[in-house]
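A quick write-up on the structure given underneath.
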Amino acid sequence: MEYLALAQFFTSARGVDVFWSPLAITVIGGLIVTLILKKDGSQNTSNRGGLSLSDIRTLIEAELAKHRYANQPVARQQTPRPKRRNGEDEGVVGGCFIALIFLSVFYARNQAAVLDYSVMAATSLFGFWFAGIVFSIISGTLSGRGWAIYATSVLVLTISALPMLYLGMTPLFAPTGIENLQQVSVTLGLAGFIKSYGAEGVAFLFSQVLGFLVLYGAWLVVLLSLVFLSASSFVATGVSGRKLWIWLSAKTAKFGNPIKATAIVLSLYAISFVMISGIAYEWWRSASSL
């Protein structure tokens, strides 16, 4: 039934608005940008043949070393950083808790919109991935088993996020009567919500909000790894703006290891699934009732 409802979502007018239309726009836009960059790159460099991921990292390290040598800054005297006081740490924790409350209230009252924009974000990641794959194929920039595994992993991780977003509307575990979180929040208001569902309702709401924040963190890792490989490909093919692509490659180089990036994203996905689906809430409820 869950899969049937998910299929119905993609065939509905809402699915067209938040998934199929953004998908078509990102894919077509990615193709246009790819063809422009391919033409620009072919005018600036000859075809080097396929490069493996290790070749790309070696190329970027060589370019960075060259730029560091040419623009070597004067060494600055480092001053020791002041240690944080306990009061400052407590202030940070308090600020994070207040931010979580505001985010939870916003999410509860706008759950449908949050989920729609999240689907659009996942679709945009797919479009970014698609453009990178097409550019790699038609320019012959990247090759090898490592690149193929990475490309497949990003595709699977992007697509697998969609069922998790659906769990936001149909969690596996939730307080009785709170399945439609937005309707309950709008109808009862914040005070009424807390009065009706108490600590269980607040725990469930916090769990879902934290789960979405973790999911967005996983997408950020995917995005930065795509930026690294795209910028590195542009360096290898001689696309205009070489300094910019080298700078982007340097800033996102720590996300250029596909195995490490995939492991981090999978770990974040697992945490996100446990929190969005209500499993974390159910664990808390079971433990508190002992």
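Just so you know, these numbers come straight off a predicted model, no measurement behind them.
- In this pair, F97 and F206 present their aromatic rings perpendicular. The plane angle is above 60°, beyond the 30 to 60° band.
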Applying side chain to side chain contact (heavy atoms under 4.5 Å, CB included), run through F126 and L155 and close with a yes or a no. CA-CA 7 Å; F126 174 80; L155 175 62; 3.4 Å; yes
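- Between F228 and F255, the distance from one ring center to the other does not fall under 6.0 angstrom.
- Checked by atom type and distance alone, the side chain of S225 pairs as donor or acceptor with a backbone atom of V222 at under 3.5 Å.
- Side-chain atoms of Q208 and Y281 include no donor-acceptor pair closer than 3.5 Å.
- Of the possible polar contacts, one joining the T123 side chain to the V119 backbone as a donor-acceptor pair under 3.5 Å is found.
- The environment of I259 atom CD1 is sparse: at most 12 non-hydrogen atoms of other residues, nucleotides or ligands sit within 6.0 angstrom.
- To the nearest 0.5 Å, the span separating CG on L103 from CD1 on I98 amounts to 12.0 Å.
- S230 has its side chain out of reach of W245: every pair of non-hydrogen atoms, C-beta onward, lies at least 4.5 Å apart.
- Linking ILVMFWY residues whenever their side-chain heavy atoms come closer than 4.5 Å, directly or via other members, leaves V186 and V114 in distinct clusters.
- Side-chain contact check for S118 and Y216: at least one donor-acceptor pair (N or O, by modelled atom type) lies under 3.5 Å.
- Between R285 and F204, every side-chain heavy-atom pair lies at or beyond the 4.5 Å cut-off.
- Rounded to the nearest 0.5 Å, atoms CG (L115) and CD (Q182) are 9.0 Å apart.
- For the pair V274/W283, a side-chain contact is recorded, criterion being any heavy-atom separation below 4.5 Å from C-beta on.
- In this structure a side-chain-to-backbone donor-acceptor pair under 3.5 Å is missing from S277 to L167.
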Assess the residue pair Y117 and N110 against the criterion (side chain to side chain contact (heavy atoms under 4.5 Å, CB included)); give the C-alpha distance rounded to whole Å, side-chain angles, the decisive distance to 0.1 Å, and a yes or no. CA-CA 11 Å; Y117 283 113; N110 303 277; over 6 Å; no
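- For the atom pair I271 CD1 and L210 CG, the distance stands at 11.0 Å (nearest 0.5 Å).
- Cluster annotation: V156 is not connected to L215 through the hydrophobic network of ILVMFWY side chains, with a link wherever side-chain heavy atoms come within less than 4.5 Å.
- One distance of note links CG of L188 with CD of Q183; it measures 9.5 Å at 0.5 Å rounding.
- Side-chain contact between W219 and V265 is absent, with no heavy-atom pair separated by less than 4.5 Å.
- Ring centers of Y269 and F273: at least 6.0 Å apart, outside the cut-off.
- Rounding to the nearest 0.5 Å gives a distance of 7.0 Å between CG of L226 and CG of L125.
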Side chain to side chain contact (heavy atoms under 4.5 Å, CB included), that's the test. Do T176 and Y197 meet it? Break it down for me. CA-CA 9 Å; T176 304; Y197 297 100; over 6 Å; no
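- With rounding to the nearest 0.5 angstrom, the CG atom of L213 is 9.0 Å from the CE atom of M275.
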